[in-house]
Protein chains: 2
Amino acid sequence: MSEQVSASLAAASARPVHVVPVDLGKAYRLINHGPTVLVSAAHGGRRNVMAAAWNMPLDFSPPKVAVVIDRKTFTRELIEGSGEFALCVPTRAQIDAVCLVGSASGREQDKFAEAGLWAFAGSKTGAPLVEGCVAWLECRVLDEPEMAQRYDLFLAEVVAAWADERLFDGGRWREIDPACSTLHHVAGGVFFTQGEVVQTSRA
Amino acid sequence: MSEQVSASLAAASARPVHVVPVDLGKAYRLINHGPTVLVSAAHGGRRNVMAAAWNMPLDFSPPKVAVVIDRKTFTRELIEGSGEFALCVPTRAQIDAVCLVGSASGREQDKFAEAGLWAFAGSKTGAPLVEGCVAWLECRVLDEPEMAQRYDLFLAEVVAAWADERLFDGGRWREIDPACSTLHHVAGGVFFTQGEVVQTSRA
């Protein structure tokens, strides 16, 4: 790890006490319901964060994810440099920050500072984990350069996962506090929040 | 088109009057908020339908999608035979049918009949479109056999899109009637429905 990256990580806060590890076999559940995520990455002393509605689980075990990351983004440069990123699941309280980091570029500015976002360090990657989110997946990029080239599509293995234990506990989301709902982007800064929990009546 | 497929399509109902075409440039919005979908396909006189939480838009124009389809499924055989499938976006009212077609195999039975689902014909593919859903994307598989082989991942171009105009109109979802909410799978037959619509305060 370069001195610059070390300095950048040293500037990150300590992990909040309510952030607990999630069993890797259950990590897919953190994004299974289709939330818009923040994609964060760091490389060579720089860091960045962007928004991505186009993400999904790709496998259970080892857990994998797929996410679309436009070739014009600075986050993509950092991911291609480091081979790592994190998917962070933001809440309704962060809607303005999500929209800011989803539209501005981080090439000329620190979007964390601009959006009022803080980060803490993960355990397996150097990607900054955004505070105030409810779940985090630390990911290592799988070697599929043609997918990135043709479709801006990144496939990655989840190497560590975290959740806010007040909201996700024992491998399951609790009944959601509407104030802490995940965000599900429709278009143009309009999102659905999470509604009622429903369950099949089939055995 | 084989006689058998023609016969199968002839058995499909006519397109319901409230199902209207969606501009292809807006087709991504039908699944952008992360709903669990039904994947349907037909080939050689057989048809099938399964559930897939792992789906996402992949591009705007021409619109593309990505979806994970397990190699053991009968739907996959039909997709590999025909090169086509449809993503249908089901509602809360269909939760039991979604869970049935998401767990049973269609190799030995007609899951449409089993789950009480009816289908109507699309315009550009032979994939059956499931009635009672709120949106439909007719898709042609892109030639990426290594992705299917390695990750069960299918990439496809959306060649026609449809929506229930009572819920999606002018390229936008209307405020959702809770009874018609899309389903967002957590695990084990438990889903979130859509909640409140929220919008960024950023200009």
Side-chain angles (χ1 to χ4, degrees), chain A residues 26 28-36 52-59 64-68 92 95-100 102-103 142 144 146-147 150-153 155 168 171-173 176 178 181-203, chain B residues 26 28-36 52-59 64-68 92 95-100 102-103 142 144 146-147 150-153 155 168 171-173 176 178 181-203:
Chain A
K26 303 278 174 62
Y28 77 94
R29 294 185 181 181
L30 300 173
I31 58 168
N32 206 60
H33 63 301
T36 291
W54 298 359
N55 72 86
M56 66 178 184
L58 182 64
D59 207 348
K64 299 188 186 80
V65 296
V67 59
V68 177
R92 176 179 185 158
I95 185 171
D96 289 344
V98 170
C99 291
L100 187 154
S103 55
L142 295 167
E144 297 291 356
E146 293 185 355
M147 290 298 104
R150 278 184 223 152
Y151 304 108
D152 293 336
L153 178 62
L155 311 182
F168 186 92
R172 294 196 170 273
W173 291 102
I176 288 299
S181 172
T182 53
L183 291 167
H184 300 256
H185 196 221
V186 181
V190 175
F191 298 80
F192 288 116
T193 55
Q194 291 167 285
E196 203 179 331
V197 173
V198 290
Q199 182 157 14
T200 180
S201 61
R202 279 172 45 81
Chain B
K26 303 279 172 60
Y28 77 95
R29 295 184 179 180
L30 300 173
I31 58 167
N32 206 60
H33 62 301
T36 291
W54 298 1
N55 71 87
M56 67 179 184
L58 181 65
D59 207 348
K64 299 188 186 80
V65 296
V67 60
V68 177
R92 175 180 186 157
I95 184 171
D96 289 343
V98 170
C99 292
L100 187 154
S103 55
L142 295 167
E144 297 290 356
E146 293 185 354
M147 289 301 103
R150 277 182 223 153
Y151 304 108
D152 293 338
L153 178 61
L155 311 182
F168 186 93
R172 295 197 169 272
W173 291 102
I176 289 296
S181 172
T182 53
L183 291 166
H184 301 255
H185 195 222
V186 180
V190 175
F191 298 80
F192 288 116
T193 55
Q194 291 168 283
E196 203 180 330
V197 173
V198 290
Q199 182 157 15
T200 180
S201 62
R202 282 172 43 82

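Any value given below was found using the heavy atoms of this structure, including those in side chains, with hydrogens, waters and symmetry copies removed. All chains are named by letter (A, B, ...) in the order of the sequence lines, taking the proteins before the strands, and each is independently numbered beginning at 1.
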Okay, Glu146(A) and chain B: the region with an atom under 4.5 Å from a heavy atom over there is neither
Correct closest heavy-atom pair for Cys99(B) and Gly189(B) would be SG-CA, 4.0 Å
Ranked by heavy-atom pairs below 4.5 Å to chain A, first place among Arg172(B), Arg29(B), Glu196(B) goes to Glu196(B)
Per-residue tally against chain A (heavy atom, under 4.5 Å) across Val68(B), Leu153(B), Leu58(B), Asn55(B) peaks at Leu58(B)
Residue from Asp152(B), Leu183(B), Ile95(B), Ile31(B) scoring the most non-hydrogen pairs under 4.5 Å with chain A is Ile95(B)
When rounded to the nearest 0.5 Å, the distance separating CZ of Phe192(B) from CZ of Arg92(B) is 13.0 Å
In terms of heavy-atom pairs under 4.5 Å with chain A, the winner among Val186(B), Leu100(B), Val190(B), Asp59(B) is Leu100(B)
Bottom line for Leu30(A): the part with an atom under 4.5 Å from chain B's heavy atoms is neither
CE (Met147(A)) and CZ (Arg150(B)) are apart, to the nearest 0.5 Å, by 8.0 Å
If one checks every heavy atom of Ser181(A) against chain B at 4.5 Å, the contacting part turns out to be neither
Okay, Val67(A) and chain B: the region with an atom under 4.5 Å from a heavy atom over there is backbone
Applying a strict 4.5 Å limit to non-hydrogen atoms, the region of Lys26(A) in contact with chain B is neither
Item checked: Geometric class of the Phe168(B)/Trp173(B) ring pair [parallel <30°, tilted 30-60°, perpendicular >60°] -> perpendicular
Checked Thr36(A), Asp96(A), Val197(A), Leu142(A) vs chain B; the most non-hydrogen pairs under 4.5 Å come from Asp96(A)
Below 6.0 angstrom between ring centroids: does that apply to His184(B) and Phe191(B)? no
TODO: Check whether any side-chain heavy atom of Glu144(A) lies under 4.5 Å from a side-chain heavy atom of Tyr151(B), and answer yes or no.
DONE: yes
Between His185(A) and Gly188(A) the two heavy atoms that sit nearest each other are NE2-N, 3.5 Å
If one checks every heavy atom of Leu155(A) against chain B at 4.5 Å, the contacting part turns out to be side chain
